[in-house]
Protein chains: 2
Amino acid sequence: MENPRELFQIMTRRFGLLNKYCCSVGGCDISLAQSHLLYEIDRRHKPSMQEVAEALGTEVTTFSRQVQSLIQMNLVKKTPDPNDRRVYTLSLTAEGKMIAGMIDQQMNDYLDEVFSYMTEFEKETVLRSVKLFNEAMGKSSRCSAPVTG
Amino acid sequence: MENPRELFQIMTRRFGLLNKYCCSVGGCDISLAQSHLLYEIDRRHKPSMQEVAEALGTEVTTFSRQVQSLIQMNLVKKTPDPNDRRVYTLSLTAEGKMIAGMIDQQMNDYLDEVFSYMTEFEKETVLRSVKLFNEAMGKSSRCSAPVTG
DNA sequence: ACATATAATTGCAAATTGCAAGTTATAGTT
DNA sequence: AACTATAACTTGCAATTTGCAATTATATGT
């Protein structure tokens, strides 16, 4: 377990499984992809379709259909952009916000439990580390997909 | 960006995109799922199908077919377990090992680049943090899928 | 006005998945 | 030894998801 990639790979997978698990929370059952979609729309301000698709690393064409199904489920709203009518901006409905909030809550509850196995100092160190790492990734040239954060 | 989940979510997504990107490395083109499969078989000792499927959070039935295609590509080998003939143990072929190795190399190269934006001390802190976090996740009851590490 | 570029959608074929049922092998019971 | 239950893995089939090429509608530049 000296290999840096190994460390991140394991963490990432576990976290991914948790995300999957949190999809069936509070009576609602959505797919992992849908959960990511809700998350990403939630944290941006009226993003365009392309913006979100790119952030998620999804083909726009696939994304378009994913959005359609979330609209049908009444979790997402699509509004034509008055400045450029080719563009649609996305936002969550009240119900969508609720679901996204519940998932977020559940995830943080889980993280809290994980942190309970550490000292407060360790927890702070871990959080600062992740933040630092995210910033460094942002500076790197290789990772083309623009994940703002 | 105070939200712990947010920090991990962003990191995880970026890392996931990188993984995806590293699939088309060295002339070989495999899917993300296949890459995960190679990775997981590589780091275990002659695992059974179930063991790997479970670690990856994939249905065995889906997994079975994924393995089949990797066998066809001559990257994976499936051997009947002499002790229990219901079981098949998985391993990588020479070619599979090579591909897995190249992906791993590429990932670590990328991580090196990311770490180049930090001091040596910060890098060590980050790596220790991830390790610590993985251990804590391992202790936690909630994450049912057994990702050994 | 015209050509070009951009944001999003659609059609269609191919790949991926999930469930139920099937196969083969082990384990436990009488 | 015959009988039942369970476990590991596979297969059939229907449904969902995807990727590519083509299409629509709007915007921009000359």
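Here is the naming used below: chain letters follow the sequence lines, and residue numbers restart at 1 for every chain.
- If you measure from atom CD1 of B:I71 to atom C1' of D:dC9, you get 12 Å, rounded to the nearest angstrom.
- Close to D:dT11, at under 4.0 Å from its OP1 or OP2, lies a side-chain N or O of B:Q68.
- Nearest nucleotide to the A:K78 side chain, out of C:dT9, C:dT17, D:dT18: C:dT9.
- Between B:R86 and B:Q34, the one whose closest nucleotide on DNA chain C sits nearer the 5' end is B:Q34.
- In terms of position on DNA chain D, the residue among A:N83 and B:R65 whose nearest nucleotide sits closer to the 5' end is B:R65.
- Tested against A:R5, the residues B:D109, B:D104, B:D112 include a single salt bridge (Lys or Arg N to Asp or Glu O under 4.0 Å) partner, B:D104.
- Considering only side-chain N and O atoms, A:T62 lies under 4.0 angstrom from the phosphate OP1 or OP2 of D:dG19.
- Look at CZ on A:R85: it is 15 Å from C1' on C:dT6, rounded to the nearest Å.
- Atom CG of B:L32 and atom P of C:dT17 are 11 Å apart (whole Å).
- Side-chain atoms of A:T58 and A:L37, non-hydrogen and from C-beta on, never get closer than 4.5 Å to each other.
- A donor-acceptor contact under 3.5 Å is not formed by the side chain of B:T61 with the base of D:dC9.
- In this structure, B:L56 places its CG atom 16 Å from P of C:dT16, rounding to the nearest Å.
- Counting any heavy atom pair closer than 4.0 Å across all strands shown, A:F63 reaches no nucleic acid atom.
- Atom CG of B:D84 and atom C1' of D:dA7 are 8 Å apart (whole Å).
- If you measure from atom CG of B:D81 to atom P of D:dA7, you get 17 Å, rounded to the nearest angstrom.
- Side-chain contact, B:Q9 with B:N3: no donor N or O sits under 3.5 Å from an acceptor N or O.
- The aromatic rings of B:F8 and A:F115 sit tilted relative to each other, their planes meeting at an angle between 30° and 60°.
- When distances run from any side-chain atom of B:V87 to the nucleotides D:dG19, C:dA8, D:dA8, the shortest one goes to D:dA8.
- Among the heavy atoms of the strands lying under 4.0 Å from B:S48 are primed sugar atoms or P, OP1, OP2 only; no base atom is included.
- For the 3.5 Å distance criterion, the side chains of A:Y117 and A:E122 fail to qualify, holding no donor opposite an acceptor.
- With C:dT9, D:dC9, D:dC20 as the candidates, the nucleotide lying closest to the side chain of B:Y88 is D:dC9.
- Between the CD atom of B:E59 and the C1' atom of C:dA20 there is a distance of 12 Å, given to the nearest Å.
- Atom CG in B:L70 sits about 13 Å away from atom P in D:dT10, given to the nearest Å.
- In the set D:dT10, C:dT9, D:dA27, D:dT10 carries the atom at the smallest distance from any side-chain atom of B:S64.
- Here the side chain of B:M49 is nearest to one of D:dC9, D:dT18, D:dG19, namely D:dC9.
- Checking B:T61 against B:R65 by side-chain atom types alone, a donor-acceptor pair falls below 3.5 Å.
- Distances shown here put every side-chain N or O of A:Q66 at or beyond 4.0 Å from the OP1 or OP2 atom of D:dT16.
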